[in-house]
Structures are given as structure tokens and as C-alpha cells.
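On a predicted model such as this, the values are computed, not experimentally measured, just so you know. Count residues from 1 along the sequence.
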Amino acid sequence: MGTTGAILGSSSLSAKSYRKVMGANDRIQVAIAGLGRRVSAMYTPIELKSNNVELLYLCDVMESQRVKAATEMSKRLGYTPKLENDIRKVLEDKKVDALFNLTPDHWHAPGSIMALKEGKHVYVEKPCSHNMAENELLVAAQKKYDRVVQMGNQQRSAEHSIDIIKQIHNGVIGKPYKAVAFFSSKEERCHIRKLHLFLLVWIGIYFRGQLFVVTILLKLGTTTGTGTDGIMVRLN
């Protein structure tokens, strides 16, 4: 009989309870606020035992969202987290180490700042704010309360993104001298019917010993939806 079996045999702990004890000192107690379409992205990471996470709360103002998420989570985790419709009550709980902020965009910065004030670490979905001024408030709050904040801009941590940035830094397309991006906002007060966000991306790619430069022009945020305006490839 191994160590685990010996411990279980000499105590009243069930196998399920013992799994909760293992690594308890290092376990991260988390809460999720906002249980709409993005909550499904949290299922597997929280379920993975290697992440050593315990989900304490599922929070949403809509009861139907809470019930739906709780049903799925309970099947995966073997227990049902507390259901709450008031994020303030979640953040008041000292046992919560971190908040996953999956709320609508206009709640990203306010909800994250509230969590930081209560001493919680924060994962917040992109965009991290509803406007540019809120960005500065969120950064200031992170510095003041000295907690970890991560915005879910997954491309910054994706392996292929890290690799291409490294190659660019190492000179694969020569010395970069300019990057161009356009920011715009669709506001009714602007009286603008169609607004476009263009992103010009230059990517160097080696193919069969030849260096290609790929120019990608993305057309985003149009009234007809998201699409690719054009892709042009030329030999450098």
C-alpha cells in the first residue's frame, strides 16, 4: 500500500476529500465574475488538477447564467461553487485569492479595480477598459495595491507570437523602423456612420531559404462585421 493509501486508510478522509487536501497550502482560490459566452474558456483550466485551483464563486447578475455555469462546473469539478449575483460580496470574502473578470467590456476596469482594492489578483478579458482613461486608472491601481493583473490578450503569450517577435528582434526582416496602428471608436455623438480600424502588419517569413515579407491589411469594426480586406505577399 502506498503513502496515499496508508493515509486514507488511517483517516476518515474520502478519496475526494483527500484530493482537496493535497497541495492545499499552494491552492489558488478563485472566483469568476461574468458567466456569458467567455466562461466556457475557463472550464478546462480550472478543471486541470495540475493548476491546483479551487473555484469558490460563480458570479453573474443573471440567474440563468449562474445556473448554467454551475451545472457545467459541478460536473467537471465534483462540487458546486457558491452562486452570487453581487460581485461586492464575492470580493469581500478573504478566502478569494484571484478574480477572473469576464464581465461585459464596461465592467472590465471598474470590476478589476474593485478586486485590486480588496487585495485580489486579477485576470481580465480584453479589452481591459471601456476607454483609454480607464487604462491609466487600472495601471495606477495595480501599482498601488501591488497585485498581479493579466489582460487576456492571448496573442502576447502564444508561442508562435513570442517566436515571431523574437525573430524580428533578432533581425529576420532587418531593422524595424516603424509600426502603424489606428484606434477608433464608434460613438453616436461623433455622427459617424461607418468607422474602420485598419491594422497593417509586416511579418518576415523564411520559406525554402527565401525571405518573404507579408503585408496584412485587416479591416475591423465595420458595420457589416469583421473581415480581411486583403493580403499581399512579395519577395523581399
Side-chain angles (χ1 to χ4, degrees), residues 13-131 134-135 137-139 141-142 145-158:
L13 290 175
S14 66
K16 177 181 175 181
S17 298
Y18 182 72
R19 283 196 299 270
K20 295 190 70 174
V21 172
M22 289 292 289
N25 291 337
D26 300 320
R27 182 170 295 115
I28 302 174
Q29 315 284 343
V30 303
I32 301 177
L35 306 174
R37 64 184 181 84
R38 289 296 299 152
V39 70
S40 60
M42 300 294 111
Y43 291 157
T44 298
I46 290 177
E47 180 185 11
L48 285 174
K49 291 180 175 60
S50 59
N51 286 335
N52 201 19
V53 169
E54 182 175 5
L55 180 61
L56 297 186
Y57 287 93
L58 289 168
C59 179
D60 198 289
V61 294
M62 294 178 60
E63 182 181 10
S64 60
Q65 300 277 52
R66 297 196 298 271
V67 172
K68 181 180 179 181
T71 300
E72 181 63 29
M73 282 297 193
S74 62
K75 289 190 298 184
R76 291 170 173 265
L77 301 177
Y79 64 89
T80 301
K82 297 177 183 177
L83 304 185
E84 182 55 66
N85 71 321
D86 190 337
I87 191 174
R88 293 170 297 185
K89 294 181 180 179
V90 173
L91 298 178
E92 287 171 359
D93 191 333
K94 302 300 182 183
K95 289 188 280 188
V96 175
D97 297 312
L99 176 74
F100 291 173
N101 189 352
L102 316 183
T103 55
D105 291 0
H106 63 281
W107 255 100
H108 284 185
S112 298
I113 292 172
M114 288 170 62
L116 290 169
K117 285 183 177 180
E118 294 295 334
K120 317 303 183 189
H121 303 288
V122 175
Y123 167 84
V124 58
E125 288 278 272
K126 60 179 180 289
C128 64
S129 66
H130 184 254
N131 55 66
E134 286 184 349
N135 285 339
L137 293 175
L138 182 54
V139 170
Q142 185 278 323
Y145 298 105
D146 193 25
R147 291 295 181 267
V148 176
V149 178
Q150 180 184 6
M151 183 185 74
N153 188 352
Q154 287 79 12
Q155 286 300 320
R156 293 182 65 90
S157 56

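- The structure places NZ of Lys89 at 10.0 Å from SG of Cys59, a figure rounded to the nearest 0.5 Å.
- Met151 approaches Pro127 most closely through the heavy-atom pair SD-C, 4.3 Å.
- Looking at heavy atoms from C-beta onward, Asp60 lies out of side-chain contact with Asn85 at the 4.5 angstrom threshold.
- The nearest pair of heavy atoms linking Leu58 to Ala69 is CD1-C, 3.9 Å.
- A heavy-atom distance below 4.5 Å is found between the side chains of Glu84 and Val90.
- The two atoms that bring Ala115 and Leu99 nearest to each other are CB-CD2, 3.8 Å, heavy atoms only.
- Annotation: the span from Glu92 atom CD to Met114 atom CE amounts to 9.0 Å, rounded to 0.5 Å.
- Counting only heavy atoms from C-beta outward, the side chains of Tyr123 and Val149 never approach each other to under 4.5 Å.
- Legend: residues meeting side-chain hydrogen bond (donor to acceptor under 3.5 Å, both in side chains) with Asp86, ordered by chain and number and at least two apart, are Arg88.
- Annotation: side chain of Tyr79 is in contact with side chain of Leu55 (closest heavy-atom distance under 4.5 Å).
- What you find for Leu91 and Gly111 is that their closest heavy atoms are CD1-O, 4.5 Å.
- Note that CG of Leu77 and NZ of Lys49 are 9.0 Å apart. Values are rounded to the nearest 0.5 Å.
- Here the closest non-hydrogen pair linking His130 and Glu134 is N-OE1, 2.8 Å.
- Listed for the Arg27 side chain is no donor-acceptor partner under 3.5 Å among the backbone atoms of Glu54.
- Judged as a side-chain hydrogen bond (donor to acceptor under 3.5 Å, both in side chains), the pairs with a partner in residues 104-121 (not counting sequence neighbours) are, in order, Asn101-Ser112.
- Gln142 places no side-chain N or O within 3.5 Å of a backbone atom of Leu138 that could act as its donor or acceptor partner.
- For Lys95, the side-chain contact (heavy atoms from CB on, under 4.5 Å) partners two or more places apart in sequence, or in a different chain, are Leu56, Asp93.
- Partners of Asn135 under the side-chain hydrogen bond (donor to acceptor under 3.5 Å, both in side chains) rule, at least two apart in sequence or in another chain, are Ser129.
- Considering only heavy atoms from C-beta on, Val30 stays 4.5 Å or farther from Asp97 through its side chain.
- Taken to the nearest 0.5 Å, the CD1 atom of Ile113 stands 9.0 Å off from the OH atom of Tyr145.
- Annotation: side chain of Val122 is not in contact with side chain of Val148 (no heavy-atom distance under 4.5 Å).
- Under the rule for a side-chain hydrogen bond (donor to acceptor under 3.5 Å, both in side chains), Gln150 has no partner lying at least two apart in sequence or in another chain.
- Looking at every heavy atom in both residues, Leu102 comes nearest to Gly34 through CB-O, 3.3 Å.
- Met73 is not listed as a side-chain neighbour of Thr80, based on a closest heavy-atom distance of 4.5 Å or more.
- Annotation: side chain of Ile32 is not in contact with side chain of Tyr57 (no heavy-atom distance under 4.5 Å).
- Taking Glu47 as the reference, Arg76 meet the salt bridge (charged side-chain N to carboxylate O under 4.0 Å, His left out) condition, with sequence neighbours excluded.
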